[in-house]
Amino acid sequence: MPELPEVETIKNDLIPYVVGKTITNVTFPPDPKIRILRRFPSQNKFITELQGTKIKSLQRRAKYLIFDIQPSRTLIMHLGMSGQLLIRKAGVPPEPYLQAIFHLENATEIRFVDPRKFGELFLKLPSSKDFPLNLSRLGPEPLGESFSLIYFTTVIQKSRRKIKTLLMDQKAVAGIGNIYSDEILFRAKIHPERIAFGLKEREIELLHRTIRKTLREAIFNRGTTASDGRYLNGTGRRGKFQTKLKVYQRQGEPCYRCGAIIRRVRIGGRSASFCPQCQK
DNA sequence: AGTACAGCCTGCCTGC
DNA sequence: TGCAGGCAGGCTGTAC
């Protein structure tokens, strides 16, 4: 499940291969039910609007990848739960679940692979009205300056939701999903079902610091490839942060810190793993 | 307005 | 053995 650290890693891997390159063509498999484009008028228009354009820059915002295209277009990708972006030379046999290929100059391809089809592609044109994606609604980047302790304290103190749910709310703070919310809360020793506004100031301060520290460490380790093996970075390799996971997918196993059995509950329709002894 | 939740999707695992 | 059912969780839309 690509979250902020995984998308950041993919972005960094892709940049040397794609920035400054011309998109010569875009192709899709002959599947009429392709969903990644369901928000765009037509597949053909998507293709013709990109042919011959150039990728000026590649950025990440939350879990989105944003390709700034010349002339005046923005190509936005979301990998959903199971999406991968792989750099391949033309002629390499297609991967299973290949959903789209962006052909670049020099016989290089960006391949969008996605078994579960939660991934999406967006193309913003100068004429786009009512664009279905509003990135400005996203909350601050947790590693950016706007994610201040004052901001975070304000958000927490006015929310009656469980803290795990709040951490995963992209409007509160952008880029955190199920894996990192579990890991952050364990590291901050906070129970995932605590109501946000009940957190003490020192807990909020610790949580704020732990969010940044955990995400930085995960980026340094090039993301988490969980047991499903689905996340691969832009060069097709696995991440390393899975070896540092303390609670995610460890239910029934002993806590590394205190030996208590890691528990799992459902919070907001999602599984949450935590140590019932360490996390209060 | 803030919050909760169903639904989309499909490979994999469990239990009968 | 085979199959049904549950689970995984990104996000949006809808309802309370």
Side-chain angles (χ1 to χ4, degrees), chain A residues 1-11 29 31-40 60-66 76-85 95-100 112-122 130-139 142 154-185 192-198 215 218 223-232 239 242 245 247-252 262-274:
Chain A
M1 299 110 242
E3 303 180 27
L4 187 153
E6 290 75 31
V7 181
E8 178 71 14
T9 302
I10 291 169
K11 181 207 73 177
D31 178 0
K33 283 183 160 181
I34 184 123
R35 302 190 69 87
I36 52 177
L37 279 178
R38 60 181 180 266
R39 292 161 177 277
F40 202 76
R60 179 193 57 75
R61 176 77 172 99
K63 301 170 192 169
Y64 293 91
L65 283 165
I66 303 168
I76 305 172
M77 301 186 186
H78 195 293
L79 299 176
M81 277 188 64
S82 57
Q84 301 173 356
L85 279 183
E95 292 77 6
Y97 314 111
L98 186 56
Q99 307 291 349
F112 193 115
V113 174
D114 187 11
R116 232 171 273 182
K117 296 182 182 169
F118 275 41
E120 286 184 291
L121 299 178
F122 302 85
D130 301 321
F131 192 62
L133 181 65
N134 183 3
L135 295 178
S136 66
R137 282 188 319 194
L138 291 167
T154 308
V155 167
I156 284 191
Q157 289 183 340
K158 71 181 184 194
S159 172
R160 308 162 58 91
R161 306 158 88 183
K162 291 171 180 168
I163 186 62
K164 177 178 168 77
T165 305
L166 186 64
L167 285 186
M168 292 202 294
D169 181 351
Q170 303 301 299
K171 290 190 277 298
V173 49
I176 299 173
N178 210 33
I179 297 176
Y180 292 104
S181 58
D182 276 0
E183 293 299 313
I184 288 164
L185 287 168
E193 291 181 297
R194 290 274 297 279
I195 300 301
F197 73 16
L215 295 176
T224 301
T225 301
S227 57
D228 62 13
R230 209 157 267 136
Y231 159 69
L232 300 175
Q242 63 276 12
L245 296 176
V247 285
Y248 181 75
Q249 286 189 344
R250 292 201 63 243
Q251 60 276 7
I262 302 297
R263 280 194 57 206
R264 187 173 68 173
V265 294
R266 287 194 82 75
I267 298 177
R270 299 290 174 250
S271 73
S273 297
F274 65 99

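A quick note: this is a predicted structure, and the numbers were derived from the prediction, not measured. First the proteins, then the strands, lettered A, B, ... as listed; each starts at 1.
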Looking at A:Arg266, does any N or O in its side chain come under 4.0 Å of the phosphate oxygens OP1/OP2 on B:dA4?
no

In whole angstrom, what separates A:Asp169's CG from B:dC5's C1'?
14 Å

For a 4.5 angstrom cut-off between non-hydrogen side-chain atoms, does A:Gln84 reach A:Leu79?
no

A:Lys158 NZ - B:dG2 P separation (whole Å):
7 Å

Have a look at A:Gly177 and say if it touches a base, only the backbone sugar-phosphate, or nothing, with a 4.0 Å heavy-atom cut-off.
sugar-phosphate

With a non-hydrogen cut-off below 4.0 angstrom, is A:Ser159 in contact with a base, only sugar-phosphate, or nothing?
sugar-phosphate

Checking contacts here: which listed nucleotide (C:dG10, C:dA8, C:dT12) is nearest the side-chain heavy atoms of A:His78?
C:dG10

Would you kindly give the CZ-to-C1' distance between A:Arg160 and B:dA1, to the nearest whole Å?
12 Å

Looking at C:dG9, C:dA8, B:dT3, which one has an atom nearest to any side-chain atom of A:Arg264?
C:dA8

Any donor-acceptor N/O pair under 3.5 Å between C:dA8 base and A:Arg270 side chain:
no

Looking for any heavy atom pair under 4.0 Å, which part of the strands does A:Thr165 touch: base, sugar-phosphate only, or nothing?
nothing

Measure CG/A:Leu133 against C1'/C:dT12 and give the value in whole Å, please.
11 Å

Assert: residue with more 5' nearest nucleotide on DNA chain B, out of A:Arg116 and A:Gly269, is A:Gly269

Quickly work out the A:Ile10 CD1 to C:dG10 P distance and round it to whole Å.
14 Å

For A:Met81 and B:dG7, give me the distance from atom CE to atom C1', rounded to whole Å.
14 Å

What's the CD-C1' distance between A:Gln251 and B:dC13, to the nearest Å?
13 Å

So, does A:Lys117 get its side chain near the phosphate of B:dT10, meaning an N or O under 4.0 Å from OP1 or OP2?
yes

Are side-chain heavy atoms of A:Leu135 and A:Leu133 found at a separation under 4.5 Å?
yes

Out of B:dC9, B:dG11, C:dG10, which nucleotide sits closest to the side chain of A:Tyr97?
B:dG11

No-hydrogen, no-angle side-chain donor-acceptor test under 3.5 Å, A:Ser82 and A:Tyr97
no

Contact under 4.0 Å: A:Ser271 side-chain N or O vs C:dG9 OP1/OP2:
yes

Taking only side-chain N and O atoms of A:Tyr248, does any of them lie within less than 4.0 angstrom of OP1 or OP2 on C:dG9?
yes

Can you check whether A:Pro29 reaches A:Leu98 side chain to side chain, under 4.5 Å on heavy atoms?
no

Does A:Lys63 put a side-chain nitrogen or oxygen below 4.0 Å from OP1 or OP2 of C:dC11?
yes

Under 3.5 Å, is there a donor-acceptor pair between the side chain of A:Glu6 and the main chain of A:Glu3?
yes

Side chain of A:Arg161, heavy atoms from C-beta onward: which of B:dT3, C:dT12, C:dG10 has the nearest atom to it?
B:dT3

